[in-house]
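Just so you know, these numbers use all the heavy atoms, side chains as well, and skip hydrogens, waters and symmetry mates. First the proteins, then the strands, lettered A, B, ... as listed; each starts at 1.
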Amino acid sequence: MSKLIQPRTLKGFRDHPPASMILRERLIDTAREVYRSFGFAPIDTPALEYTEVLLGKGGDETDKQMYRFSDHGGRDVALRFDLTIPFARFAAQHVPALGTPFKRYHVGSVWRGENTQRGRYREFVQCDFDTIGTESPLADVETLLVIHELFQRLEVGPFTIRVNDRKILTGLLQRLDLVDQSVPLLRALDKLDKIGPDKVAAEMQAEAGVSAAAADEVLALARLEGSNQAILEALPALVEGSELGAQGVERLRAVLEGAVAGGAQPSRLKLDVAIARGLDYYTGIVFETTLDDLPAIGSCCSGGRYDDLASLYTKERLPGVGASLGVDRLLAALEELGRLEQRSTPAEVLLVRFGEEHDGELLGLAARLRSAGLAVEVYPEARKLGAQLKFADRRGHRLAVVVGDAEWASGTAQLKDLASKESLEVDQAELAAACRARLGSV
RNA sequence: GUGGGCGUAGCUCAGUCGGUUAGAGCGCCGGUUUGUGGCACCGGAGGUCGGGGGUUCGAGACCCCUCGCCCACCCCA
């Protein structure tokens, strides 16, 4: 006898049983509905790309984290580590035919060879949406509205979209003549509410080589407090003399006001000047969305504006703005918060089976329920009724339909509500409507 | 990639200074109840103690390596 292969999965790669997958699909379905309702159109791209297409735009870190290898033809290839870079390539190839502005959404797995942690995996699903070919603030506003609507619809509890504009940071650095050190400075600033201002200042001096006084000036941002409005009023002084900085402040003001006018709850939008974001391609507005009850797990939906994303692939300028929903991280957060109702079957209704005599009629009944829009499973064996009801309950079916000799004779069915234990006798002709009423009332 | 913590039944975990056939609760299967589930009672299945090597008369326990999970750094969804 040959030795068994140990069933196992790679670190950071996970299986998804039904109870998990049903939730994932529901979340993704909601994202699709919201994106589509704003006019974003679906696209897909290959998981595998030429390495040269993926390299270079995200910075050294992402390059290191890429799954990269030679294919059978000796080509240097890699698995995508996000959906934005492949979209830039896609846009360079197809936008001439598609026209701009172009709005797309894209649901797919991405891969990063980094260490795993709670809410961090090596394979995870993102739901991206982006608008390219326009610099209109309306596109920025819409991006915020989509996130707002999405998190509202997902019923994740209280959340906060933290918003900033990179131009403000750049403007400040211009005024202080520190533009050359912007990458390490912003990286340090981004850690503000994690490690505190003292450590940020220390890191700025160590990593960016700036003076204590300069670090303190950058941290003047962090001392801004109060309402979005109050911060907006204080910002111009900090970026004085920088055209870019002034633009950033005005843009941010317009976008925040626009989002509120567009229906976003003001309390959900928080101007946070410490948000910088690591991916080097952001040039304008940036944002991160966290759950108020579990901010530590990190951002579940982030993005921003980039004004030259496709420049590696085309001479045509393609500015854009978009964001990415991290499905796996959001689910990890919701699970930890115990906010998920798990169910292991998509079928609301289970039809009990007593024996083979009435199989034809039983299947016919199931077919009628399905054509009425219900998801129906027929139990395949003739086990004891109690066992079948127990099965239905454990599996998560909400209704059981019991039809035995007596019911077949009278053309009726017994409809059981598994949760309330109530049971009622209905005409088979009325069964679908009765199921609907029952399910709708829950 | 760096540093720390942890891996015992499907799940949550006991397991004393190293000592004989490795335990509990929950879950699962069966029965009490061959057309009425969640409760109760009775019974049952299920463990290479993550894996490999070493120390020892003897290892779940001690040492080394390895794999995995968790936490921090880094970075990010």
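The cationic group of A:Arg14 lies under 6.0 Å from the six-membered ring centre of A:Tyr121 and within 45° of the ring axis, placing it in a cation-pi geometry. A cation-pi arrangement, defined by a distance under 6.0 Å to the six-membered ring centre and an angle within 45 degrees of its axis, is absent between A:Arg383 and A:Phe391.
Within the shown strands, nothing qualifies as a pairing partner of B:U55 under the Watson-Crick or G-U definition with both distances less than 3.5 Å. Pairing for B:A40 goes to B:U32, judged as Watson-Crick or G-U wobble with the two contacts each under 3.5 Å. Taking a pair to require two hydrogen-bonding distances under 3.5 Å in either a Watson-Crick or a G-U wobble arrangement, B:C11 pairs with B:G25. If you check B:C17 for Watson-Crick or wobble pairing at under 3.5 angstrom, you find it has no partner at all. Under the Watson-Crick or G-U wobble criterion, with both distances below 3.5 Å, B:C69 is paired with B:G5.
Counting only distance, with no hydrogens or angles, the side chain of A:Thr51 and the backbone of A:Asp76 share a donor-acceptor pair below 3.5 Å. Not a single donor-acceptor pair under 3.5 Å links the side chain of A:Tyr379 to the backbone N or O of A:Ala392. Side chain of A:Ser299 to backbone of A:Glu288: no donor-acceptor contact under 3.5 angstrom is found. At least one donor-acceptor pair under 3.5 Å links the side chain of A:Ser410 to the backbone N or O of A:Ala406.
Look at A:Gln117 and you'll find a side-chain N or O under 4.0 angstrom from OP1 or OP2 of B:A72. Under 4.0 angstrom from either OP1 or OP2 of B:G37 there lies no side-chain N or O belonging to A:Lys384. Distances shown here put every side-chain N or O of A:Lys390 at or beyond 4.0 Å from the OP1 or OP2 atom of B:G38. The shortest distance between the side-chain N/O atoms of A:Arg187 and the OP1/OP2 oxygens of B:C73 is not below 4.0 Å. The side chain of A:Arg120 contributes no N or O atom lying less than 4.0 Å from OP1 or OP2 of B:C75.
The side chain of A:Glu114 lies closest to B:C75 when the candidates are B:G35, B:C29, B:C75. Out of B:G35, B:C75, B:G38, the shortest distance to the side chain of A:Leu385 is found at B:G35. Of the candidates B:C74, B:C70, B:G35, B:C74 carries the atom nearest the A:Glu203 side chain, counting heavy atoms from C-beta on. Each of B:G35, B:G38, B:C28 was ranked by its minimum atom distance to the side chain of A:Glu407; first place goes to B:G35.
Taking the C1' atoms as reference points, B:U56 lies 15 Å from B:C17, given to the whole Å. Comparing the P positions of B:G47 and B:U66 gives a spacing of 29 Å, expressed to the nearest Å. For B:U33 and B:C42, the P atoms lie 16 Å apart once the distance is rounded to whole Å. Going from the C1' atom of B:A24 to that of B:U8 covers 12 Å, rounded to whole Å. The separation of B:C41 from B:G54, taken at their P atoms, amounts to 48 Å, rounded to a whole angstrom. Annotation: B:U21 and B:C39 have their C1' atoms spaced 35 Å apart (nearest Å). Taking the P atom of each, B:C13 and B:C70 are spaced 14 Å apart, rounded to whole Å. Only the C1' atoms considered, B:G10 is 35 Å distant from B:C73, to the nearest whole Å.
You cannot call A:Phe391 stacked on the base of B:G37; the centres under 5.5 Å and planes under 30° rule is not satisfied.
Within the 4.5 Å cutoff, the side chain of A:Leu351 has no heavy atoms near those of the A:Val403 side chain. Counting heavy atoms from C-beta on, the side chains of A:Arg166 and A:Arg305 never come closer than 4.5 Å.
Along RNA chain B, the nucleotide nearest A:Gly12 and the nucleotide nearest A:Val402 are compared for position; the residue whose nucleotide lies closer to the 5' end is A:Val402. Each of A:Thr116 and A:Lys191 was assigned the nucleotide of RNA chain B with the nearest heavy atom; the assignment lying further toward the 5' end belongs to A:Thr116.
Within 4.0 Å (heavy atoms only), A:Ala419 reaches at least one base atom of the nucleic acid. In this structure, A:Ala406 reaches the bases: a heavy-atom distance under 4.0 Å links it to at least one base atom across the strands shown. Using a 4.0 Å heavy-atom criterion, one finds that A:Gly298 contacts no nucleic acid atom at all. Contacts of A:Arg14 with the nucleic acid, taken as non-hydrogen atoms under 4.0 Å apart, are absent. Here A:Gly355 lies out of heavy-atom contact (under 4.0 Å) with every strand. Nucleic acid contact for A:Glu123: none, since no nucleic acid atom lies under 4.0 Å from a heavy atom of the residue. Base engagement by A:Leu418 is indicated by at least one non-hydrogen atom pair under 4.0 Å involving a base atom. If you check every strand for non-hydrogen atoms under 4.0 Å, A:Val125 touches nothing.
The separation between A:Asp15 atom CG and B:C69 atom C1' is 15 Å, rounded to whole Å. If you measure from atom CZ of A:Arg122 to atom P of B:C70, you get 11 Å, rounded to the nearest angstrom. The separation between A:Phe81 atom CZ and B:C75 atom C1' is 12 Å, rounded to whole Å. Look at CZ on A:Arg395: it is 15 Å from C1' on B:G27, rounded to the nearest Å. Following rounding to the nearest Å, A:Tyr282 (OH) and B:C76 (P) show an atom-to-atom distance of 9 Å. Going from atom OH of A:Tyr281 over to atom C1' of B:C75 covers 13 Å, rounded to whole Å. Rounded to whole Å, atom P of B:C29 lies 14 Å from atom CD of A:Gln388. Whole-Å rounding puts the A:Arg394 CZ to B:C39 C1' distance at 12 Å.
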Quick test: give all pairs of protein nitrogen or oxygen and nucleotides 2-7 of chain B nitrogen or oxygen below 3.5 Å, distance rounded to 0.1 Å.
from, atom 1, to, atom 2, distance (Å)
B:U2, O4, A:Asn115, ND2, 2.9

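Taking the six-membered ring where the residue is Trp, A:Phe129 and A:Tyr35 present tilted rings, their angle falling between 30° and 60°. In this structure, A:Phe13 and A:Tyr67 have perpendicular ring planes: the angle between them is above 60°, well past the 30° mark. Using cut-offs of 30° and 60° for the angle between ring planes, the A:Phe90 and A:Phe102 rings count as parallel.
Taking only distance into account, the side chain of A:Arg112 never meets the base of B:C75 through a donor-acceptor pair shorter than 3.5 Å.
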